[in-house]
Number of protein chains: 2
Amino acid sequence: MLNYSTSEENYIKAIFHLQEANETVSTNALAQELLTRPASVTDMMKKLKTKKLIHYQPYQGFRLNTEGKKVALGIIRRHRLWEFFLSEKLKFEWGEVHEVAEELEHVSSKKLIDKLDEFLGYPKFDPHGDPIPDVHGRMEDHERISLFDLPLNVYAEVCHVANQSTEMLDLLKHKSIAIGTKLEVKRKFDFDNSLEVKIRQQSPVTISEQLAKNIFVKYGS
Amino acid sequence: MLNYSTSEENYIKAIFHLQEANETVSTNALAQELLTRPASVTDMMKKLKTKKLIHYQPYQGFRLNTEGKKVALGIIRRHRLWEFFLSEKLKFEWGEVHEVAEELEHVSSKKLIDKLDEFLGYPKFDPHGDPIPDVHGRMEDHERISLFDLPLNVYAEVCHVANQSTEMLDLLKHKSIAIGTKLEVKRKFDFDNSLEVKIRQQSPVTISEQLAKNIFVKYGS
DNA sequence: ATATATTTTTAGATTTGTCTAAATATTTAT
DNA sequence: ATAAATATTTAGACAAATCTAAAAATATAT
């Protein structure tokens with residue numbers, strides 16, 4: 001596996017995430033995601049094409065090819081393992097891990113990452129509930145459903161949070177909701193689509209539609 | 001504290017190390033240390049001067065000023081804490097930690113380093129026996145003496161190894177010598193200046209002059 | 001279908017860190 | 001003290017990654 005620059009890695013990762021939503025990624029979308037200019041994106045796409053990581057025809061959008069996806073999964077593996085480390089071992093708050101992991105993920109030693117993985121006990125999910133690719137790029141893909149769509153009186157566990165803004169994390173903290181929190185929806189109010197949610201061993205809390213749609217859970221007690 | 005580029009940090013660190021030996025650092029010496037060209041060094045020295053990190057008059061050599069030393073100690077702190085982490089937690093071999101720490105040291109989050117320090121239990125020395133600066137840049141400065149200069153029948157503890165080549169580390173491993181090894185010199189042979197060294201709870205081993213001069217110890221059992 | 005708006009690409013400039021080759025300053029040796 | 005050797009700096013070029021402004025391609029709306 002070749003080595004890529006920090007900048008190349010950031011582009012690869014962003015394409016990977018964007019192409020989960022849309023089949024093909026546009027110049028503008030990528031520029032917006034990376035807070036850069038469309039012209040810079042075009043420049044980099046030419047480079048990634050000559051390095052055989054993406055499919056790209058001018059004006060046609062682009063997407064990672066098999067090799068590009070492999071590279072992306074390696075970067076995501078590094079990112080999520082560091083997030084787990086920061087949260088679990090260094091006791092960082094939820095909201096703080098991402099920024100630091102953005103830097104750590106570009107340290108390229110394969111041995112470092114594999115030993116870190118071992119040290120952490122081969123974790124399967126990061127603190128935001130996202131799956132961590134293993135050494136072969138494989139990851140568990142737990143069935144996710146938004147809290148808003150969870151049927152009444154069904155036990156579930158929070159496994160992902162879509163939005164990571166400070167405001168959102170503040171609110172979650174206030175409601176005592178985190179990855180791993182076990183809960184069930186007791187009532188749904190048609191007036192404003194708010195939910196009454198019972199968190200295991202706590203009194204019920206009210207969750208707005210907007211918040212519920214950003215919290216993802218998996219079934220099971 | 002401002003942020004510096006990876007390249008700037010490498011120059012700062014190299015100047016710090018070189019000026020421990022010589023009062024003032026020369027362009028050529030720094031170029032050799034960093035495997036770069038003298039012209040590149042001059043370019044960077046101009047930059048570090050405008051950033052007020054070094055004293056520098058053309059043709060006169062250079063050295064870090066107070067602020068430059070503070071920055072250098074910050075980088076060295078990061079480097080040595082990561083070395084400790086790699087060795088202690090991830091079980092890297094002695095000889096492998098340096099290269100990876102060279103990359104990790106440039107991740108700039110202060111909070112990361114302070115939390116890492118806490119997680120590691122505020123270690124005072126890295127795996128090579130070099131002191132780790134604390135959060136204020138202070139470090140313990142244990143009296144070091146080369147094993148070759150250690151008087152006969154005096155207890156001492158290995159605290160530093162000057163040379164980190166694979167060959168050297170191989171030899172040390174074979175002789176069962178590592179940082180923290182307690183030992184005393186039982187005899188010195190004038191013919192070849194070799195030493196007979198008794199390692200605590202082991203049979204005596206022979207150490208060549210060359211090896212003994214690269215092993216540093218502090219007094220005490 | 002054609003004009004308008006949007007998206008994407010190109011052309012050329014900028015910054016950082018590096019280089020080579022040539023010029024200049026300093027040191028060393030006779 | 002002066003020539004030769006060495007060390008350092010300058011001048012100008014280059015690669016990577018970015019930018020602005022303008023041109024070209026594509027999409028949209030009447």
Side-chain angles (χ1 to χ4, degrees), chain A residues 2-15 18-19 21-64 68 71-72 75 102-103 105-108, chain B residues 2-15 18-19 21-64 68 71-72 75 102-103 105-108:
Chain A
L2 279 152
N3 252 359
Y4 300 98
S5 73
T6 295
S7 193
E8 287 168 336
E9 289 190 343
N10 285 333
Y11 277 91
I12 293 164
K13 193 167 49 121
I15 298 170
L18 288 174
Q19 79 182 16
N22 309 313
E23 187 57 32
T24 175
V25 179
S26 76
T27 304
N28 267 359
L30 191 47
Q32 196 167 7
E33 175 79 12
L34 291 169
L35 303 176
T36 186
R37 298 292 174 174
S40 311
V41 171
T42 301
D43 289 345
M44 184 59 89
M45 293 309 101
K46 287 182 191 163
K47 194 151 86 130
L48 294 184
K49 189 185 183 183
T50 70
K51 294 198 175 186
K52 297 199 196 304
L53 295 174
I54 61 172
H55 296 287
Y56 166 55
Q57 289 303 115
Y59 296 100
Q60 302 293 126
F62 26 79
R63 57 182 214 283
L64 296 175
V71 174
I75 302 164
E102 282 293 299
E103 282 199 67
E105 75 188 4
H106 300 296
V107 174
S108 59
Chain B
L2 280 151
N3 253 358
Y4 300 98
S5 73
T6 294
S7 193
E8 288 168 337
E9 290 190 342
N10 285 333
Y11 277 93
I12 294 164
K13 193 167 50 122
I15 298 170
L18 288 174
Q19 80 183 14
N22 309 312
E23 187 56 32
T24 175
V25 179
S26 76
T27 304
N28 267 359
L30 192 47
Q32 196 167 6
E33 175 79 13
L34 292 170
L35 303 177
T36 184
R37 297 293 175 175
S40 311
V41 172
T42 301
D43 288 346
M44 184 60 87
M45 291 310 101
K46 287 182 192 163
K47 193 151 93 136
L48 295 184
K49 190 185 182 182
T50 69
K51 295 198 175 187
K52 296 199 196 306
L53 296 174
I54 62 172
H55 296 287
Y56 167 54
Q57 290 303 116
Y59 296 101
Q60 302 293 126
F62 27 79
R63 58 182 212 283
L64 297 175
V71 174
I75 301 164
E102 282 294 299
E103 282 200 66
E105 75 188 5
H106 300 296
V107 175
S108 59

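Naming: A, B, ... by sequence-line order, numbering from 1 per chain. Just so it is clear, the values below take in all heavy atoms, side chains as well, and ignore hydrogens, waters and symmetry mates.
- If you find the closest nucleotide of DNA chain D to A:E8 and to A:Q60, the one lying nearer the 5' end belongs to A:E8.
- A salt bridge is defined here as a Lys NZ or Arg NE, NH1 or NH2 lying under 4.0 Å from an Asp or Glu carboxylate O, and B:E33 with B:K13 fails to meet this definition.
- Close to C:dT7, at under 4.0 Å from its OP1 or OP2, lies no side-chain N or O of A:S26.
- With rounding to the nearest 0.5 angstrom, the NZ atom of A:K51 is 8.0 Å from the CE atom of A:M44.
- Within the 4.0 angstrom heavy-atom criterion, base atoms lie near B:S40.
- Counting any heavy atom pair closer than 4.0 Å across all strands shown, A:T42 reaches a base atom.
- Note: CG (B:D43) to P (D:dT9) measures 10 Å, nearest angstrom.
- In the set D:dT18, D:dA25, D:dT8, the nucleotide with an atom closest to the side chain of B:N28 is D:dT8.
- Within 4.0 Å (heavy atoms only), A:F62 reaches no atom of the nucleic acid at all.
- Counting only heavy atoms from C-beta on, A:R37 has its side chain closest to D:dC19 among C:dT8, D:dC19, C:dC19.
- Residue contacts shown for A:P38 include a base, since a base heavy atom lies under 4.0 Å away.
- Comparing atom distances between the A:P58 side chain and each of C:dT18, C:dT9, D:dT18 picks out C:dT9 as nearest.
- When all heavy atoms are compared, the tightest approach of A:A14 to A:L30 is CB-CD1, 3.5 Å.
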Walk me through it: do B:L48 and B:Y11 pass the test side chain to side chain contact (heavy atoms under 4.5 Å, CB included)?
CA-CA 9 Å; B:L48 295 184; B:Y11 277 93; 4.2 Å; yes

